[in-house]
2 protein chains.
Amino acid sequence: MIEQSDVRWLNDREQLAWRAFLNMHSQLTARLNRELQDGAGVSNSDYVVLVWLSEHPDGPVRMLELARGLQWEKSRLSHQLTRMTARGLIERSNCSEDRRSAFIVLTPAGRDILETAAPIHVAGVRRYLFDALDPSQVDALHAISQGTIDRLAPSASAVSTTASTTRP
Amino acid sequence: MIEQSDVRWLNDREQLAWRAFLNMHSQLTARLNRELQDGAGVSNSDYVVLVWLSEHPDGPVRMLELARGLQWEKSRLSHQLTRMTARGLIERSNCSEDRRSAFIVLTPAGRDILETAAPIHVAGVRRYLFDALDPSQVDALHAISQGTIDRLAPSASAVSTTASTTRP
DNA sequence: ACGAATTATGTGACGTGTCAACTACGATAG
DNA sequence: CTATCGTAGTTGACACGTCACATAATTCGT
């Protein structure tokens with residue numbers, strides 16, 4: 001249907017890899033999300049925020065720190081925190097130094113839920129992904145991913161948008 | 001923070017690969033989506049549907065075919081098609097054989113937009129991903145992805161949730 | 001043929017993500 | 001000191017996805 005002559009279309013191998021990659025990601029995250037929701041009552045987004053907060057227990061955390069750490073837009077984070085507050089996972093408190101800012105703190109309930117969720121999450125990541133990969137594939141996945149990240153954001157290096165799966 | 005003793009946490013390499021993978025996917029799809037939106041006025045979801053329809057020009061397409069082909073839930077597809085109809089990209093018409101069903105057809109406007117969008121899409125996929133990968137990495141990505149898909153859905157084999165990047 | 005399952009699709013509510021505009025505070029120049 | 005500019009965060013509108021349920025047509029057993 002499409003006939004532009006100067007377009008470098010993907011070859012068959014690239015095409016297969018691309019479609020498999022997209023399929024894999026959507027199916028994997030859907031499954032992990034469902035297991036987290038069924039087993040711990042939280043979404044993936046909730047979980048990521050809970051993990052980040054639990055990894056920074058020293059002093060109160062400000063929104064901008066969180067937004068930068070997760071590489072989320074501030075309005076996305078604001079909406080997410082509003083929902084999490086409504087669910088009792090976190091609380092917002094006023095920041096004394098800068099009255100524009102807000103501190104985010106984990107509630108005990110949030111911490112409990114995180115401790116339920118983390119093993120579920122890592123078990124899924126293992127079962128569906130890493131248990132099937134040999135070490136060279138793990139490194140290949142890392143190299144491909146990191147290279148692409150660098151191409152997309154040549155300047156800054158990302159820290160961690162994602163969920164913790166190591167023991168603290 | 002989390003101390004369950006029987007959980008097999010990810011080791012450092014796995015952790016790096018996992019976080020990079022998630023970061024890479026979110027940044028890559030966000031960029032492709034924005035380029036598609038800016039350059040052709042359609043979202044990624046719109047684009048995927050347009051591609052699928054253009055690849056099946058023989059006779060009218062029924063919703064279930066589309067849903068199965070894209071591996072989308074029916075209600076997701078229904079909502080998407082409602083939005084695309086409102087934007088004039090597709091039309092629904094009644095199916096004579098089975099009056100419950102609906103035929104989906106591409107409008108001329110939809111076809112035009114697809115022909116604008118496709119080169120933009122493939123250019124992004126090339127620039128950000130495949131131009132940086134050597135053939136062995138392409139195959140590695142395919143193997144890792146397909147293996148994971150098979151683990152997630154051991155019975156059925158996925159066809160194509162995703163967008164066309166080969167010349168028809 | 002009749003009523004019960006099954007199938008194809010639609011709808012409404014809600015959670016999630018993006019964009020643009022807004023409020024409120026802080027910092028800085030004059 | 002005040003005008004202005006930038007910063008921290010919120011809000012509202014809308015697109016997207018999922019879930020559960022609704023509606024309507026076909027199929028199937030008897």
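Chain A is the first sequence line, chain B the second, and so forth, proteins listed ahead of strands; every chain is numbered from 1. The figures that follow rest on heavy atoms only: side chains count, while hydrogens, waters and symmetry mates do not.
Contact annotation: side chain of A:S75 to base of C:dC19, donor-acceptor pair present below 3.5 Å. Between the base of D:dG12 and the side chain of A:H79 there is a donor-acceptor pair shorter than 3.5 Å.
Look at CZ on A:R76: it is 22 Å from P on D:dA13, rounded to the nearest Å. A straight line from NZ of A:K74 to P of C:dT18 spans 14 Å, rounded to a whole angstrom. The distance from atom CG of A:L64 to atom P of D:dA8 is 4 Å, rounded to the nearest whole Å. Rounded to whole angstrom, the span from the CZ atom of A:R68 across to the C1' atom of D:dT7 amounts to 10 Å. Distance A:L81 CG to C:dT16 P: 11 Å, rounded to the nearest Å.
With hydrogens and angles left out, the side-chain atoms of A:E35 and A:Y128 include a donor and acceptor closer than 3.5 Å. No side-chain donor from either of B:Q37 and B:N33 sits under 3.5 Å from a side-chain acceptor of the other. When only modelled atom types and interatomic distance are considered, B:D46 and B:Q80 share a side-chain donor-acceptor pair under 3.5 Å.
The environment of A:D134 atom CG is dense: over 12 non-hydrogen atoms of other residues, nucleotides or ligands sit within 6.0 angstrom.
In terms of phosphate contacts, B:R83 brings a side-chain nitrogen or oxygen within less than 4.0 Å of OP1 or OP2 of D:dC16.
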